[in-house]
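Note on naming: letters A, B, ... go to the chains in the order of the sequence lines (proteins, then strands), and numbering restarts at 1 for each one.
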There are 2 protein chains.
Amino acid sequence: MKAHKEKKSSNLADRIYQQLKSDIFDFRLMPGDRFSENEIAERMGASRTPVREALFRLQRESYVDVLFRSGWQVKPFDFDYFEELYDVRTILECAAVRKICEQENNSPKLDDLIRIWCVPESERLEDGNTLSRLDERFHEMLVEAAGNTEMARIHHDLTERLRIIRRLDFTKPPRIDATYQEHSSILEAIQHRRCEQAQIQLRAHIESSRNEVRKITLHMLHEARMHSGKADNDD
Amino acid sequence: MKAHKEKKSSNLADRIYQQLKSDIFDFRLMPGDRFSENEIAERMGASRTPVREALFRLQRESYVDVLFRSGWQVKPFDFDYFEELYDVRTILECAAVRKICEQENNSPKLDDLIRIWCVPESERLEDGNTLSRLDERFHEMLVEAAGNTEMARIHHDLTERLRIIRRLDFTKPPRIDATYQEHSSILEAIQHRRCEQAQIQLRAHIESSRNEVRKITLHMLHEARMHSGKADNDD
DNA sequence: GCATACCAACTTGTATACAAACAGGTGTGC
DNA sequence: GCACACCTGTTTGTATACAAGTTGGTATGC
């Protein structure tokens, strides 16, 4: 009765949604760019209907805005916005750590985390892209281990929204090493139920990642603007 | 019914969204009910297009589900889900209190709150419905006073989702009195920057409200099922 | 040369038409 | 009486047609 198939492939709207999102992520659609539904529909080889569905989803996730009968716009970069998301992320993850520390037995998720991150240096991964995704999963799994699926869902949304700037964090080996070091240290504190210590370390970890990203983002955005041959728009 | 001015919002989809949501809230659409887009479109006197837009929004907010080419369904009541939302709410609000306590000067929002809630008994409101909305605003303003608009937005979403069961809290005078008492006490603690105490009180306040709602919800749902002549579905 | 009014092209919002797939009933073969 | 195939109506997914409003350019008046 409930075993309905979920055919993702037959859903044009989903595909367009994903495509548009990655266009935004990869700066093929620049912050501030304006476009119309017809334009997208033509480029995607579809009609306006699924395009609109995709755009409404992106709008709700605050990637784009609709101007009344006057086209759509990729939301301009708003650093305050990302700062706020980082803050909420920190709050949720610290709360998750607290919940985990209140559990008597390790949840399977926690054990998985330990297996992944508490490894000798020789077994550590080095690829930036891979590690970027793995880092995302570390923080997500931490929240999942707390056992509140709605909290995990909200945190997952935050992660999605932050990915556009966060993946810039793993471009240099020092940050990669630091990540392994900090993650394993946090997990160890959790394992010994040192709640306060774990939270402090987690907060510091997020903060240092955030600082790194702050610097790189500005640079990247500037680069992208230059390559696209567009002038900086500062009025 | 409600003599609201028709705002000529020019947005049919929005109106349909609001209407459907209140249909769900008032149990005109029962949890588990199945319906089709045409059915809704006909009842609303509109075409399927804006109806679909409204339904997709409600789906994203997890009020309804779409079954592949087989109609829509009002999401069945899931008490674990509401419990989880309450948890996240508590986490966010406690974090907000912490942020507020770290501010040196009172934000205007905080002063507003004090003006509303720290009043002599004679000036207190008594109407359950009014107070229900006012209570929502208390918690929302608390988060807004912390100064993180994204956190406030997420909290606002939680509030929306919890309203369906939360408004059942203010049906009895004792809870009304207790609410005034607890809110003013929390605000006082915040004003004196007693962070820990404020958080503990807030947590207890939410918890007692939650307990009250837990009891009433079960009863209400049962009533609604009886009146609609439907059998309980406990698989 | 400048300001303003108007028009035409374009944009989103809504309605309708068509396609694909599922569900449930019905008839047929045994 | 029962099982199974088929057919028909209903459902969502997608495309297209139409309506209403905005925008930007152009022509005209001064």
Side-chain angles (χ1 to χ4, degrees), chain A residues 1-21 23-24 29-30 32-76 230 233 235, chain B residues 6-21 23-24 29-30 32-76 233 235:
Chain A
M1 170 159 171
K2 64 181 289 188
H4 280 280
K5 285 174 270 190
E6 296 197 17
K7 291 190 178 179
K8 299 276 179 186
S9 57
S10 75
N11 202 337
L12 241 177
D14 269 356
R15 285 221 310 277
I16 294 172
Y17 166 81
Q18 294 292 351
Q19 181 61 48
L20 281 175
K21 198 157 149 184
D23 283 348
I24 293 171
L29 280 173
M30 294 280 295
D33 276 3
R34 292 177 66 165
F35 57 90
S36 74
E37 295 170 3
N38 272 322
E39 207 177 312
I40 305 294
E42 203 167 336
R43 211 170 67 214
M44 302 284 183
S47 78
R48 278 178 56 216
T49 309
V51 169
R52 279 169 64 80
E53 197 183 313
L55 284 174
F56 285 135
R57 283 183 61 184
L58 290 168
Q59 181 187 27
R60 245 203 100 57
E61 294 166 11
S62 56
Y63 290 110
V64 299
D65 259 342
V66 58
L67 292 72
F68 187 63
R69 284 182 211 278
S70 175
W72 292 75
Q73 182 183 39
V74 183
K75 265 208 173 176
K230 286 177 189 171
N233 199 353
D235 36 55
Chain B
E6 287 213 329
K7 267 200 179 172
K8 190 80 176 180
S9 59
S10 94
N11 202 340
L12 242 177
D14 268 356
R15 284 222 308 278
I16 294 173
Y17 166 81
Q18 293 293 350
Q19 181 60 49
L20 280 175
K21 199 157 148 184
D23 282 349
I24 294 172
L29 281 174
M30 293 280 297
D33 275 4
R34 291 176 67 163
F35 57 90
S36 75
E37 294 171 2
N38 272 322
E39 207 176 314
I40 304 295
E42 203 168 337
R43 210 170 68 212
M44 303 283 183
S47 79
R48 277 178 55 217
T49 308
V51 168
R52 279 170 64 80
E53 196 183 314
L55 284 174
F56 285 134
R57 283 183 62 186
L58 290 169
Q59 181 187 27
R60 268 206 77 66
E61 293 165 12
S62 55
Y63 290 109
V64 300
D65 260 342
V66 58
L67 292 72
F68 189 64
R69 281 184 214 277
S70 173
W72 292 75
Q73 181 182 39
V74 182
K75 266 208 171 175
N233 198 355
D235 55 312

Is the shortest side-chain N to carboxylate O distance from B:K75 to B:D33 below 4.0 Å?
no
Can you measure B:L67 atom CG to D:dT10 atom C1' for me and round it to whole angstrom units?
14 Å
Just the rounded figure in Å: distance from C1' of C:dT16 to CG of B:L12.
15 Å
Distance test, side-chain N/O of A:R52 to OP1/OP2 of C:dG13, below 4.0 Å
yes
Let me know the distance between CZ of B:R34 and C1' of C:dG24, rounded to the nearest Å.
12 Å
Whole angstroms only, please: what is the CD-P distance between A:E53 and D:dA15?
11 Å
Taking DNA chain C as the partner, which of residues 36-50 of chain B come within under 4.0 angstrom of it by heavy atom?
B:A46, B:S47, B:R48, B:T49, B:P50
Nearest listed nucleotide, side chain of B:W72, among C:dT14, D:dT14, D:dT12
D:dT12
Exactly one of B:L20, B:I24, B:V74 should register a side chain to side chain contact (heavy atoms under 4.5 Å, CB included) with B:Y63. Which one does?
B:I24
Assess, by modelled atom type and distance only, whether the side chains of A:D23 and A:Q19 contain a donor and an acceptor separated by less than 3.5 Å.
yes
Backbone N or O of A:E39 within a donor-acceptor pair of the A:E42 side chain at under 3.5 Å?
no
Figure out the CG/P separation between B:D14 and C:dT12, and round it to whole Å.
17 Å
Gap between atoms CZ and C1', on A:F68 and D:dT22 respectively (whole Å):
9 Å
Sequence neighbours excluded, the answer for side-chain hydrogen bond (donor to acceptor under 3.5 Å, both in side chains) partners of A:E37 is A:R48, A:R52, A:W72
Do the side chain of B:R57 and the main chain of A:F56 share a donor and acceptor less than 3.5 angstrom apart?
no
Integer-rounded Å distance: C:dT12 P and A:D65 CG:
13 Å
